[in-house]
Each structure stands twice: as structure tokens, then as C-alpha cells.
Amino acid sequence: MVAHNIETVERLTPKVRDRRATYAQSLRVLQYLKQRPEKLYTKTSIMVGLGEDADELEQTFRRAARWASTC
């Protein structure tokens, strides 16, 4: 199991995460892990209650589901 957290929705990422870590970068990491020949199990998580709205959460969940939650 490999975990890589997205942490928050795209809009809030610059406020919540270190400036060196981007939302798109996290999605690319999950994509890379998912496409490895070892067929790794991947997972991610986000924090809620930071000012995101329901649409942003849904978009984040959809994007994350594409590359994570394989177990």
C-alpha cells in the first residue's frame, strides 16, 4: 500500500501545503504509482473543513478515484 495525500481541494492547495507541493503534482504521483508494473495499491486522503465547497470536494474525489483507492 502506497499513500500519497492530496491534502485539500485544488483552490486551497497554495494556502494549505508547502509551496513546492502542488495539486497537479499529487495527481501525477498517484498516476505514476498506479501505472507501475508492480500493480501497487494506492490511496490518498484530504482534509475537510478548510473552506472548500461541495462541488470542489466532488471534483477532488472524482480525480482522486481515477488514480487511487485500489484496495
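Just so it is clear, the structure is predicted and the values come from calculations on it, not from any experiment.
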*Asks:* How long is the straight-line distance from CH2 of W67 back to CG of L33, given to the nearest 0.5 Å?
*Replies:*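 Answer rounded to 0.5 Å: 11.0 Å.
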
*Asks:* Can any side-chain N or O of E58 pair as donor or acceptor with the backbone N or O of D55 at less than 3.5 Å?
*Replies:*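 Checking the backbone N and O of D55 against the side chain of E58, no donor-acceptor pair under 3.5 Å is found.
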
*Asks:* What is the minimum heavy-atom distance between E10 and P14, and which atoms define it?
*Replies:*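 Closest heavy-atom pair between E10 and P14: O-CD, 3.7 Å.
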
*Asks:* Which atoms form the tightest heavy-atom contact between M47 and L50, and what is the distance?
*Replies:* CB-CD1, 4.0 Å

*Asks:* Measuring from T8:OG1 to E56:CD, what's the distance to the nearest 0.5 Å?
*Replies:* 8.0 Å

*Asks:* Would you give the length of the straight line joining atom CZ of R66 to atom CD of Q31, rounded to the nearest 0.5 angstrom?
*Replies:* 7.0 Å

*Asks:* Under a 3.5 Å distance rule, please check whether N5 uses its side chain to pair with a backbone N or O of I46 as donor and acceptor.
*Replies:* no

*Asks:* Could you check if a side-chain atom of I6 sits within less than 4.5 angstrom of a side-chain atom of Y23, using non-hydrogen atoms only?
*Replies:*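 In short, these two side chains touch, coming nearer than 4.5 Å.
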
*Asks:* H4 and S26: side-chain donor and acceptor closer than 3.5 Å?
*Replies:* yes

*Asks:* Are the charged groups of R11 and E52 less than 4.0 angstrom apart, N to O?
*Replies:*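 Looking at R11 and E52, the cut-off is not met.
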
*Asks:* Nearest 0.5 Å, what's the CD-OG1 distance between E7 and T60?
*Replies:*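 The CD atom of E7 sits 12.0 Å away from the OG1 atom of T60.
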
*Asks:* Report yes or no: does Q35 contribute a side-chain atom to a donor-acceptor pair with the main-chain N or O of Y32 at less than 3.5 Å?
*Replies:* no

*Asks:* For the side chain of T44 and the backbone of L30, is there at least one donor-acceptor N/O pair under 3.5 Å apart?
*Replies:*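 Pair absent, no side-chain N/O of T44 close to backbone of L30.
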
*Asks:* What distance separates K34 NZ from L27 CG, expressed to the nearest 0.5 Å?
*Replies:*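 So the NZ of K34 and the CG of L27 are separated by 13.0 Å.
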
